[in-house]
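Single-structure report; data block below.
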Protein chains: 2
Amino acid sequence: MSTLAINPPALGGTRYKEVKSAILAALSAGEWKGGECIPSEKRLAERFGVSIGTLRKAIDELCAENILIRHQGLGTFVSMHQRDRHFFRFFRVVRRDGDKAYPVVTLIDFKKARASREVAAMLGIETGARVFQFVNGLALHGKTVLIEHITVPEAQFPALTEAKLRNRPNTLYNFYQDVFGINVVETDERVSVALANEIESAQLGVEVGAPLLEIRRIAYSYHRSAVELRVSRLNTDEYEYIGARPGRDEEK
Amino acid sequence: MSTLAINPPALGGTRYKEVKSAILAALSAGEWKGGECIPSEKRLAERFGVSIGTLRKAIDELCAENILIRHQGLGTFVSMHQRDRHFFRFFRVVRRDGDKAYPVVTLIDFKKARASREVAAMLGIETGARVFQFVNGLALHGKTVLIEHITVPEAQFPALTEAKLRNRPNTLYNFYQDVFGINVVETDERVSVALANEIESAQLGVEVGAPLLEIRRIAYSYHRSAVELRVSRLNTDEYEYIGARPGRDEEK
DNA sequence: AAGTGGTCTAGACCACTAC
DNA sequence: TAGTGGTCTAGACCACTTA
């Protein structure tokens, strides 16, 4: 049907913004899934009743936001952020000499819980809502240097189990995408200093009270809806956090 | 003359990339200075012998990189990153509740020195080259929470003096732009944990050995030429560092 | 009213990928 | 060879700014 046809620059302001919203809506609705190819520019232009140039401008923005990926001669695909080199877009820890390595992840703990007021506020859910909480240890070059405390809402991750988590073949965000249809496209991170507790001390091989880098991350899906809360603690003896690159506009 | 005219997709690959390079070259040459208006799109299109659409694509990318800023009805301007809201593109410290405040800067120390091997490597200059080193204390909400150790090459900052530094009206990067014609357009930052020394202890009001967040920044001008090295130490009792926002592509 | 950038069109031709 | 996205054109009209 043409319920998806676009009207004159009504609500969104401009045609290409309307087209962009329509594509985003189709993505949210699951019309095209992670890694799949969306229709050709020509077909989409016809579907939305705009010229190719306008359609391209909409897709340009979605590509700039890493929501879509173009491949010349192949088509335009729904981004799978977590594969290959894209991995380091979200994993921002490197050795002091700049060497980037893939971490070996170990699941340390897994449990069901209820969202505290703070957690609920950050995830945009109700206080007391059911959540899963799990803890990962990440090893780089054979040594555990990072502990992650992850919280996700049960509502968005139905039937998540420790076994599924342990047996996932890919990265965590890839797992979210494949199993739950959740696409992490953006994160906010705040960094500060914290002191190692007993558990971290044991896992990281540092003394209790040793200073660690604490990274608090909220991960978002398409319409900036929060899907995951993650508090990580990093031993910065040999590794560092890659900070900002204000190449693009970030605040407005 | 038409030495600036563009040839068929020769070296750079595509027309708009050539145009982009030509504009970047004109900027480096100082043809248009910080804050100034560059010629209209129509005029530039004629000058480079391309259509408006192609010229716009070149400028689109330069705007995306925050090198130019468009103002509808007014013109396109050479970006002054450090003014107003743009300030927080480079100043990535906020109170834990998210409140953003402008820091009050105090010059604590200023001296001439020679570049060590490490500093020289990071700044892309020769070991032993003359540099200026100065130290700032930054206060937020009336309390000093950040100490910056800044190193700049004398070659690029001729006749920099303590007095000039102290009397600058604007932000530091604005000062670089106005006085030395140096445009900071990009930075790399690495974050780790460090322990307060005596000086930091006194300035920040923490104990010697208290854990601080250390941010090491290299600031770059147009062609990714390094212009400043800055090591900052932050007391994260009440403030945090704003980390990555992988909304855009950063590594390739 | 004049000048600017912002949007949009309806094509053309090229480069790349797959078959 | 057919289909895809990538580049480029030569305009039109709109929205905004300044005067």
Side-chain angles (χ1 to χ4, degrees), chain A residues 5-23 27 32 35-80 249 252, chain B residues 5-23 26-27 32 35-80 84 249 252:
Chain A
I6 303 297
N7 303 316
L11 289 142
T14 65
R15 303 272 270 171
Y16 81 87
K17 287 282 184 193
E18 297 266 355
V19 172
K20 184 181 168 187
S21 294
I23 294 173
L27 283 167
W32 313 299
E36 285 182 10
C37 184
I38 71 172
S40 77
E41 300 186 339
K42 194 153 174 243
R43 251 192 286 276
L44 284 173
E46 286 166 4
R47 163 168 167 178
F48 295 128
V50 296
S51 77
I52 288 231
T54 303
L55 187 276
R56 279 184 64 81
K57 179 140 189 185
I59 292 189
D60 281 347
E61 290 203 355
L62 291 166
C63 287
E65 291 163 24
N66 290 300
I67 288 171
L68 298 177
I69 296 181
R70 285 204 253 240
H71 288 290
Q72 189 173 3
L74 259 173
T76 302
F77 297 78
V78 182
S79 168
M80 304 282 285
D249 61 296
K252 45 170 176 259
Chain B
I6 304 296
N7 303 318
L11 290 143
T14 63
R15 303 273 270 172
Y16 82 87
K17 287 281 184 193
E18 297 267 354
V19 172
K20 184 181 168 185
S21 294
I23 294 173
L27 282 167
W32 314 299
E36 285 182 13
C37 183
I38 71 173
S40 77
E41 300 185 340
K42 194 154 175 242
R43 250 191 287 274
L44 286 174
E46 287 165 5
R47 163 166 168 179
F48 295 127
V50 296
S51 77
I52 287 226
T54 303
L55 186 277
R56 278 183 64 82
K57 180 141 188 183
I59 292 189
D60 280 347
E61 290 202 355
L62 291 166
C63 286
E65 291 163 25
N66 290 301
I67 287 170
L68 297 177
I69 296 181
R70 285 204 253 242
H71 288 290
Q72 189 174 4
L74 258 173
T76 301
F77 297 78
V78 181
S79 169
M80 303 282 286
D84 307 318
D249 61 296
K252 51 178 176 242

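Chain letters run A, B, ... following the sequence lines, proteins first and then strands; every chain starts at 1.
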Review point. Within the side chain of B:R15, is there an N or O that forms a donor-acceptor pair under 3.5 Å with the backbone of B:S51?
Key: no

Practice item. Could you tell me whether the side chain of A:E61 reaches within less than 4.5 Å of the side chain of A:Y16, counting heavy atoms only? Key: yes

What's the [atom1]-[atom2] distance between [X] and [N], to the nearest Å?
X: B:E18; N: D:dC8; atom1: CD; atom2: P; value: 9 Å
X: B:L55; N: C:dT4; atom1: CG; atom2: P; value: 13 Å
X: A:I69; N: D:dG6; atom1: CD1; atom2: P; value: 12 Å
X: B:L68; N: C:dG5; atom1: CG; atom2: P; value: 11 Å
X: B:E41; N: D:dG11; atom1: CD; atom2: P; value: 17 Å
X: B:H71; N: C:dG3; atom1: NE2; atom2: C1'; value: 16 Å
X: B:R43; N: C:dG3; atom1: CZ; atom2: P; value: 9 Å
X: B:I52; N: C:dG3; atom1: CD1; atom2: P; value: 14 Å

Check your understanding: Contact class for B:K42 (heavy atom, under 4.0 Å): base, sugar-phosphate, or nothing?
Key -> nothing

If the cut-off is 4.0 Å, is [X] near the phosphate of [N], judged by side-chain N/O to OP1 or OP2?
X: B:R15; N: D:dG6; value: no
X: A:S40; N: D:dG3; value: no
X: B:K57; N: D:dT7; value: yes

Closest nucleotide among [options] to the [X] side chain:
X: A:T76; options: C:dT9, D:dG5, C:dG5; answer: D:dG5
X: B:L74; options: D:dT18, C:dC8, D:dT7; answer: D:dT18
X: B:R56; options: D:dG6, D:dT18, C:dG6; answer: C:dG6
X: A:Y16; options: C:dC8, C:dT9, D:dT9; answer: C:dC8

Check your understanding: If you fit an axis to the five pairs at each end of the helix from C:dA1-D:dT18 to C:dA18-D:dT1, how big is the angle between those two axes, to 10 degrees?
Key -> 10°

**Study point:** Separation between CG of A:L62 and OG of A:S21, rounded to the nearest 0.5 Å
**Key:** 9.0 Å

Review point. Hey, what do you get for CD (A:E41) to CG (A:L44), rounding to the nearest 0.5 Å?
Key: 8.0 Å

Exercise for review: Determine, stepwise, if the pair B:F77 / B:L68 fulfils side chain to side chain contact (heavy atoms under 4.5 Å, CB included).
Suggested key: CA-CA 6 Å; B:F77 297 78; B:L68 297 177; over 6 Å; no

Study note, to complete from the structure: Residue pair A:G73/A:G53 against DNA chain C: nearer the 5' end by closest nucleotide is A:G53

Point to revise | Toward the 5' end of DNA chain D, by each residue's nearest nucleotide, B:Q72 or B:S51 | key: B:S51

Review point. Are the charged groups of B:E65 and B:K20 less than 4.0 angstrom apart, N to O?
Key: yes

Point to revise | Residues B:I38, B:I59; criterion side chain to side chain contact (heavy atoms under 4.5 Å, CB included); working and verdict | key: CA-CA 11 Å; B:I38 71 173; B:I59 292 189; 4.3 Å; yes

Practice item. Please report the C-alpha distance between B:I23 and B:F48 in whole Å, then the side-chain angles of each, then the deciding distance to 0.1 Å, and finally whether the side chain to side chain contact (heavy atoms under 4.5 Å, CB included) criterion is met. Key: CA-CA 10 Å; B:I23 294 173; B:F48 295 127; 3.9 Å; yes

